Amino acid sequence: MKKPDASPWKPPAYEDADAYAIRALQSGNATPDQQQRALDYIINGLAGTYDLSYRPSSDRDTTFAEGRRFVGLQIVKFLKVDFKRVKEAKEQSNA
């Protein structure tokens, strides 16, 4: 497993295919493979969702890394949450 960069403000390494996949996603022309690649790069690379946020050298670096990670966690939540069940639970609690 790769150790997270100690400098969370530095952009992660990427391949040309990552950049093209994100551009294709934005333009609405991404193939299924590009869609998956773009989301994988955003969640794992840009957001560092599954990396440890703690940076022993600076609490500000830790805070910055945690902010990035929070974005990734929100994306993952939207990918996994069963919104139909959430809506039904809200409707039952309001009844």
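Everything numeric in this text was worked out from a predicted model, so none of it was measured.
Tyr20 belongs to no hydrophobic cluster with other residues, because no ILVMFWY side-chain heavy atom falls under 4.5 Å from its own, directly or through intermediates. Counting side-chain heavy-atom gaps under 4.5 Å among Ile, Leu, Val, Met, Phe, Trp and Tyr, the cluster of Phe64 also holds Trp9.
For residues 58-67, the pairs satisfying side chain to side chain donor-acceptor pair (under 3.5 Å) are Ser53-Glu66, Glu66-Arg69, with sequence neighbours left out. Note on residues 75-85: pairs passing side chain to side chain donor-acceptor pair (under 3.5 Å), not counting sequence neighbours, are Gln74-Lys77. Residue pairs meeting the salt bridge (Lys or Arg N to Asp or Glu O under 4.0 Å) criterion with at least one partner in residues 12-23, sequence neighbours excluded, are Glu15-Arg37, Asp18-Arg37. Annotation: ring pair (Phe, Tyr, Trp, His ring centres under 6.0 Å) contacts involving residues 75-95, sequence neighbours excluded, comprise Phe78-Phe83.
No chain of hydrophobic side-chain contacts below 4.5 Å, direct or via other Ile, Leu, Val, Met, Phe, Trp or Tyr residues, connects Leu79 to Val86. No single ILVMFWY cluster, assembled from side-chain heavy atoms under 4.5 Å apart, contains both Ile43 and Leu25. Note: the hydrophobic cluster containing Phe70 does not contain Leu39 (ILVMFWY, side chain heavy atoms under 4.5 Å, direct or indirect links).
For Ile42, the side-chain contact (heavy atoms from CB on, under 4.5 Å) partners two or more places apart in sequence, or in a different chain, are Ile22, Leu46, Ile75. Every residue meeting the side chain to side chain donor-acceptor pair (under 3.5 Å) condition with Ser27, not counting sequence neighbours, appears here in chain and number order: Asn29. With sequence neighbours left out, the side-chain contact (heavy atoms from CB on, under 4.5 Å) criterion links Gln36 to Asp33. Annotation: side-chain contact (heavy atoms from CB on, under 4.5 Å) contacts of Ala24 (sequence neighbours excluded): Ala30, Gln34.
Among all heavy-atom pairs drawn from Arg55 and Ala65, the shortest one is NH1-CB, 3.7 Å.
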